Amino acid sequence: IVSVVDTYEDGESYSTYEEFLDDLFDAMDAVGGGPCMDDHDTDPHVSMARGVKFKSSYHQQQYFYKVNLEVAVWQAMYPKGVVIGSKGYASFPPDTGSKNKMYIGYGNLYFFFDRANITKAFMPNRELTSTESYYATIYSSGKSKQYYESTTKINFNYNRGSGSNDNNNQQYYEHNPYGWNARMAKHDMTDGWDLPPDCQQEGETFFGIPLSRKSDSKLLTTTSFQDQFDFEYLLDRNFTYMKKFGTNHGWLVGEELGNGAGSIVDKDTAHIPIFYTGTTNPAMGGISLEDLIKIGKKIDFGTLYIKPAFVFQDDDGSIKLQFEADANSALGYLYSNLCKMIGISWNYESPFNDLGKYTNCAMHAAGDRAKYGCGPENANSGGFCPQMTLAYRVGFQSEEHAAAYLDRCNNYVDYWRSLYPSGVAVGTSAFCPDGGCLALFLNRYDIFYVFKPELGGSWVEFMGGSSAPTISPAPTYDGGCDNPHNMHLDKCFRKKHARKASSVAWDSLGAVGQLSIFLIAFMASTLTISIFLARAKRRRRDGESYLGFLVRDLQGKKKKRKKLRKKVGHGTLDEDLLSDDDAFRSVPARPGKSDRSKSSKRSKPKSFRSKSKSKKSSSEMSLDADSVSEKSSRSRSQSRSRSRSRSKSTKRNKKPSGDDGTQRRQLV
């Protein structure tokens, strides 16, 4: 466990932190760290924000006094520093989710893949001492209250900035409204601008057209929103023309591992911003997300077609792809209506909408129109200028390299222009299949809501997942769900996008159930084929194909069924099938038992004799029927026994009807 405070061991001229850094860089160099290691920017610090502009000198002083008083509390709480850590659990890398969770502990060293993702944690080689453990858990155990009560003043001069004692005259935090430049904070297209009047907070919300595609990154990725353009052809990942990036974002259409452009491996955030709405905090002069969604549903815009024009580098050094700004297109109509409805009041022009919802933080005036935008046919004084930023503040190796890069990019833009001479409505089969949708962005990373053209419906699209909107349980316009105005409502959305029962049942089985059904079907089919091949092998004629055998086998089975029906049908259907006599037939008695049968019959009453006579006659009839059926079905050996049974039955018929003592009954 190493302290970042300069502490020295006995007789050592280097602090323990300096020795640790020296060992760390030696280890990295031993495994091929290369010349790109930065072993100078190692002063312990935390970057809170970039390019902050205060409202006034008073606001600046109040802010720094408040935050430095908190620092004074920490200094009182941890007089000799503290070991940072936690008793929680986490996964490294973070994309593993709930898998491979490890105890975080205290005093770890972490490897940051970029400033947004930690991919590896290295545990210290010892446990905390009792003193270290006490200070490390003061805040989490609720023992910090006394320090907040006792610390009422700041014991250090925070106006001197971060440096040595030699900078007594430095006043880093003195407010200078004329020395602040918007470029200091303009690391994102929606950041760093001077705020409009009555707007108290920056914001990154805007209406735009999503152009990003799914990337291969496991840490950060996005849904594919279009498959008409592949912007990879406009990038210089090998630094053939470029020298460096002015920010740590790299290519905004998606970075790659090992590219080395910056400290953040961004997901693809390609988009065309159309209308910046600013913050969504109404208390700070903005407009809420709910109201923005309601306004978006009110605009009946047409399918949004876009057509690339050229690639250029602006005054800030950003590489951008310009699209044609046609003021008479559906895109121009949409921009003009957004300005009319939620643009800020400017030059005696005020916005108006039926909902009465407005904002003071929009970056567009209520009187602005698409015809005032950029382009050869427009006035070039307004905010209508559809562009897509490829990278911020790009530095080229030379002017010749910059010209060569732009020439290469514009050659490919010319190919797109020939491919889509009238523009194209972007989309995919899974997202906006008809193309030309409008999206509401929370920031350039996250799409929150999507609107289809011509009031065709809308839905929530956030963090890669889609869900039906939850605005109203029933239609509100006349005509029910047949009215396009109601397509965004829950009832109509579910009705239009209702899933088939078979699809729901199949999904309900889950992966295991679906695999089981597939295996059962596969085994049943293979068993059927095996039985057929075995049958064909035994009964197939010489030279006969398997298909021919199958046809012949099926036809033979049909003929057999027809013959069987004829034989079964030719019988005495008028006989009583439930009669007890049908279950018996007469057969000759065994020799030596006739006397006993006679004596037993003499002792039986007359009623039983009459019953036996009736049974005898029925048994004779059944015997004749059996003999006829046996004649056609039994073999030569069986015919001999059949002739003997006929001769015996003839002898029985010649005997008097009352003498049946030589017969016995046997179940058929």
Side-chain angles (χ1 to χ4, degrees), residues 182 185-212 225 269-301 304 325 330-347 349-370 372-373 382-389 437-453 458-462 469 471 488:
K186 196 174 179 180
H187 56 84
D188 204 345
M189 277 299 298
T190 52
D191 289 344
W193 291 342
D194 292 330
L195 299 179
D198 300 323
C199 180
Q200 306 299 323
Q201 186 179 17
E202 272 189 340
E204 301 184 31
T205 308
F206 62 92
F207 287 99
I209 300 176
L211 298 176
S212 57
F225 297 114
T269 59
H271 65 273
I272 301 175
I274 299 174
F275 190 94
Y276 298 102
T277 59
T279 180
T280 56
N281 186 357
M284 304 300 289
I287 183 172
S288 66
L289 278 175
E290 180 182 2
D291 294 335
L292 284 174
I293 293 171
K294 291 179 180 179
I295 290 173
K297 293 175 180 178
K298 287 283 186 179
I299 303 177
D300 187 6
F301 61 92
L304 302 179
L331 188 60
Y333 171 84
L334 173 64
Y335 178 82
S336 297
N337 277 274
L338 286 171
C339 290
K340 294 177 184 178
M341 298 177 73
I342 54 175
I344 62 173
S345 298
W346 197 259
N347 290 338
E349 294 284 349
S350 297
F352 175 78
N353 58 70
D354 296 336
L355 301 172
K357 304 296 182 180
Y358 307 101
T359 177
N360 294 318
C361 296
M363 298 298 177
H364 308 270
D368 192 10
R369 298 293 182 268
Y372 303 144
F384 178 60
C385 194
Q387 299 173 348
M388 186 192 79
T389 305
C437 290
L438 174 70
L440 175 61
F441 289 76
L442 296 179
N443 47 59
R444 71 179 179 93
Y445 289 98
D446 301 311
I447 295 176
F448 184 72
Y449 216 86
V450 179
F451 307 90
K452 293 188 69 175
S458 59
W459 64 91
V460 176
E461 183 85 24
F462 184 64
I471 303 299
H488 66 279

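Heavy-atom basis, side chains included; hydrogens, waters and symmetry copies ignored. Predicted, not measured: the structure shown is a model, and the values here were computed from it. The first residue in the sequence is number 1, and the count goes up from there.
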Novice: Kindly indicate whether the side chain of Lys452, heavy atoms from C-beta on, has any atom under 4.5 Å from the side chain of Cys437.
Specialist: yes

Novice: Are the side chain of Thr280 and the backbone N or O of Leu289 linked by a donor-acceptor pair below 3.5 Å?
Specialist: no

Novice: Can you name the residues that form a ring pair (Phe, Tyr, Trp, His ring centres under 6.0 Å) with Phe451, not counting sequence neighbours?
Specialist: Tyr449

Novice: Taking the side chain as every heavy atom from C-beta outward, state whether Lys298 and Leu355 have any pair of such atoms under 4.5 Å apart.
Specialist: yes

Novice: Above 12 or not: heavy atoms from other molecules or residues under 6.0 Å from OH of Tyr358?
Specialist: yes

Novice: Got Asp368 and Phe384 here, is their nearest side-chain heavy-atom distance under 4.5 Å?
Specialist: no

Novice: Taking the side chain as C-beta and beyond, is there a heavy-atom pair between Ile342 and Leu292 under 4.5 Å?
Specialist: yes

Novice: Side chain to side chain contact (heavy atoms under 4.5 Å, CB included), that's the test. Do Tyr333 and Asn337 meet it? Break it down for me.
Specialist: CA-CA 6 Å; Tyr333 171 84; Asn337 277 274; 3.2 Å; yes

Novice: Just so I know, are the side chains of His271 and Ser212 near enough to count as touching, which here means a heavy-atom distance under 4.5 Å?
Specialist: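 His271 does not reach Ser212 side chain to side chain.
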
Novice: Starting from the C-alpha separation in whole Å, work towards a yes-or-no answer on side chain to side chain contact (heavy atoms under 4.5 Å, CB included) for Ile209 and Leu331.
Specialist: CA-CA 10 Å; Ile209 300 176; Leu331 188 60; 4.1 Å; yes

Novice: Over 60° means perpendicular and under 30° means parallel, so tell me whether Phe441 and Phe206 are parallel, tilted or perpendicular.
Specialist: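 Plane angle under 30°, so parallel.
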
Novice: Output yes when a side-chain donor or acceptor of Asn347 lies under 3.5 Å from a complementary backbone atom of Glu349, and no otherwise.
Specialist: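 It does not hold such a pair.
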
Novice: On the 0 to 90° scale, with breaks at 30° and 60°, tag the Tyr276-His364 ring pair as parallel, tilted or perpendicular.
Specialist: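 Geometry flag for His364 against Tyr276: parallel rings.
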
Novice: Could you tell me whether the side chain of Lys340 reaches within less than 4.5 Å of the side chain of Arg369, counting heavy atoms only?
Specialist: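 Yes, side chains in contact.
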
